[in-house]
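Chain naming here is simple, since letters A, B, ... match the order of the sequence lines and numbering starts at 1 in each.
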Number of protein chains: 2
Amino acid sequence: MVASVNSRRRSRDDVAGMALHLLDEYGLPDLTMRHLATALGVQPSALYWHFPNKQALLAAVSERILAPMAEVSGDGTSMHDAVRAVGTRMRECLLAHRDASELVSSSLALGLVSSPVRPRLLAAARLHGVPDALAEVAAEAVMHFVVGFTFHEQQRLAADQLGLLPETAASNLGEARAGSPADADFAEALTMIAHGLEVSIAQHRDVQKTRRDELSRTAG
Amino acid sequence: MVASVNSRRRSRDDVAGMALHLLDEYGLPDLTMRHLATALGVQPSALYWHFPNKQALLAAVSERILAPMAEVSGDGTSMHDAVRAVGTRMRECLLAHRDASELVSSSLALGLVSSPVRPRLLAAARLHGVPDALAEVAAEAVMHFVVGFTFHEQQRLAADQLGLLPETAASNLGEARAGSPADADFAEALTMIAHGLEVSIAQHRDVQKTRRDELSRTAG
DNA sequence: ACCTGAACACCGTTCAAGT
DNA sequence: ACCTGAACACCGTTCAAGT
């Protein structure tokens, strides 16, 4: 059923690629070393030549899922926009693959994959003269919110697809449509976090200014 | 090694209680139906009289972990304080038990346990005349941030305990000390979210006022 | 009402040995 | 360098049968 069961040797990338394919097709619970090996036309033990263990394999898959994050940068008009752009993009990455948020959440928590939010928010901060420390705090808030929100969202989607809902039904179409209510909730909460960052920046500037004033007063 | 292997019948609560005990003692990966049964002096299949499956059992454990949330209420001086109080309390609940955030995260995502943040923030909102919708959005942001942050924090702790760190070492003592750097990061990010809520509230009030003004203008 | 015994259908991982 | 074959030490869950 799945292609490439011929006798050619597999590369590390082939393995990760097939794993991502199986993830989309059958979901995380069925992404087992044994199924993956079968799909590649190989014995399960063969996978351990390419990856030391399953978690390492899943980390490689996580990196593929987050790859499109490279395309977004915080070069917007403000930190506010950067937070929204990066957060929105990350949710898109996670929604693009089945069970991706659960997978990425664990890779991130285990430290096997680095935050895709942090470097982009740091870059934006430097562009706008905002201290790194504030960007780091915002990056944590954004990343955890996005992963948590999308995890919740995706788990509900998976439950729906198993036909566990009573009335409203699976809202048809596996793909999340553009105007979903979750979209609005997500956007609102993300905006709230962005607002919080702006307040923190303003407070920081106030403190700086007060310090300067005191300094010039004692000096003058 | 673990008590209560006598012949008395077990209640649902006994099972959940022992599960929480095993969680603290051996961690989530070793919290298996078989280990739990052994600790209770019972066959694995016996557990399925008390719970339909493992996830339901884990949901019961999650509820025990979150039980202390009942003690906190949003009756502080402001919404800002309510957000901080509830968020801080939730993190304390999760840090009080090994691997608790991973466990609770999945129960929450599966919808087997309801948000402990939502009702408390809603209560606070009513007290302060803030619309429910804003409290709901804030509740989502706070909950996901807290769970995500603490998940990350706890996973690092678990890794440390397995002696996987090179230098700084496991910062001794399994218990998280009061002055940990994670505490400060957490507090800062939570404050940022609280600030964001305040901005959203202010914006809402502005919109309301503008509407009232326009109304009285067209009416007068 | 609560539990046993036995089975079913799986897992991830290791490791000597092959090519 | 890359993979096979076979095993090890596990899982969650079901279900007839017992008391």
Under 4.0 angstrom between His50(B) side-chain N/O and dC3(C) OP1 or OP2: yes
Criterion side chain to side chain donor-acceptor pair (under 3.5 Å) on Thr191(B) and Arg84(B), from CA distance to verdict: CA-CA 7 Å; Thr191(B) 299; Arg84(B) 305 213 311 165; 3.0 Å; yes
Closest heavy-atom pair and its distance - Ser105(B), Val147(B): CB-CG1, 3.5 Å
Gap between atoms CZ and P, on Phe51(A) and dC2(D) respectively (whole Å): 13 Å
Atom-to-atom span, CG of Leu40(A) to C1' of dC2(D) - whole angstrom: 13 Å
Side-chain heavy-atom pair Val199(B), Met192(A) within 4.5 angstrom cut-off: no
Evaluation steps, side chain to side chain donor-acceptor pair (under 3.5 Å), between Thr150(A) and Ser101(A): CA-CA 6 Å; Thr150(A) 315; Ser101(A) 25; 5.6 Å; no
Phosphate contact (dC11(D) OP1 or OP2) by His35(B) side-chain N/O below 4.0 Å: yes
Rounded distance (Å) that lies between atom C1' of dC11(C) and atom CG of Leu28(A): 14 Å
Glu140(A) and Arg118(A) ion-paired at < 4.0 Å: no
Between P of dC10(D) and CG of Leu36(B), the distance in whole Å: 17 Å
Length of the CG-P vector between Leu47(A) and dG12(C), whole Å: 10 Å
Whole angstrom value for the distance that separates P of dA1(D) from CZ of Arg12(A): 16 Å
Arg91(A) with Glu153(A): basic N within carboxylate O range, under 4.0 Å: yes
Gln43(A) side chain near dG5(D) phosphate (N/O to OP1/OP2, under 4.0 Å): yes
Rounded C1' spacing from dC11(C) to dC8(D) in Å: 12 Å
Interatomic distance, Asp30(B) CG vs dC10(D) C1' [rounded to whole Å]: 11 Å
For nucleotides 13-15 of chain D, give me every protein contact, N/O to N/O, under 3.5 Å, one pair per line with atom names.
| unit_1 | atom_1 | unit_2 | atom_2 | d |
| --- | --- | --- | --- | --- |
| dT13(D) | OP2 | Tyr48(B) | OH | 2.7 |
| dT13(D) | OP2 | Lys54(B) | N | 2.9 |
| dT13(D) | O5' | Tyr48(B) | OH | 3.3 |

Distance, P atom - from dC2(C) to dA17(D), rounded to whole angstrom: 22 Å
Rounded distance in Å - CG (Leu31(A)) to P (dC11(C)): 11 Å
Secondary-structure string, 5' to 3', Watson-Crick or G-U under 3.5 Å, | for another-strand partners, for DNA chain C: ||.|||||...|||||.||
Salt bridge flag under 4.0 Å for residues Arg89(B) and Glu71(B): yes
Plane angle bin for Phe149(B) and His144(A) - parallel if under 30°, tilted between 30 and 60°, otherwise perpendicular: perpendicular
Distance, nearest 0.5 Å, that separates OG of Ser106(B) from CZ of Phe151(B): 9.0 Å
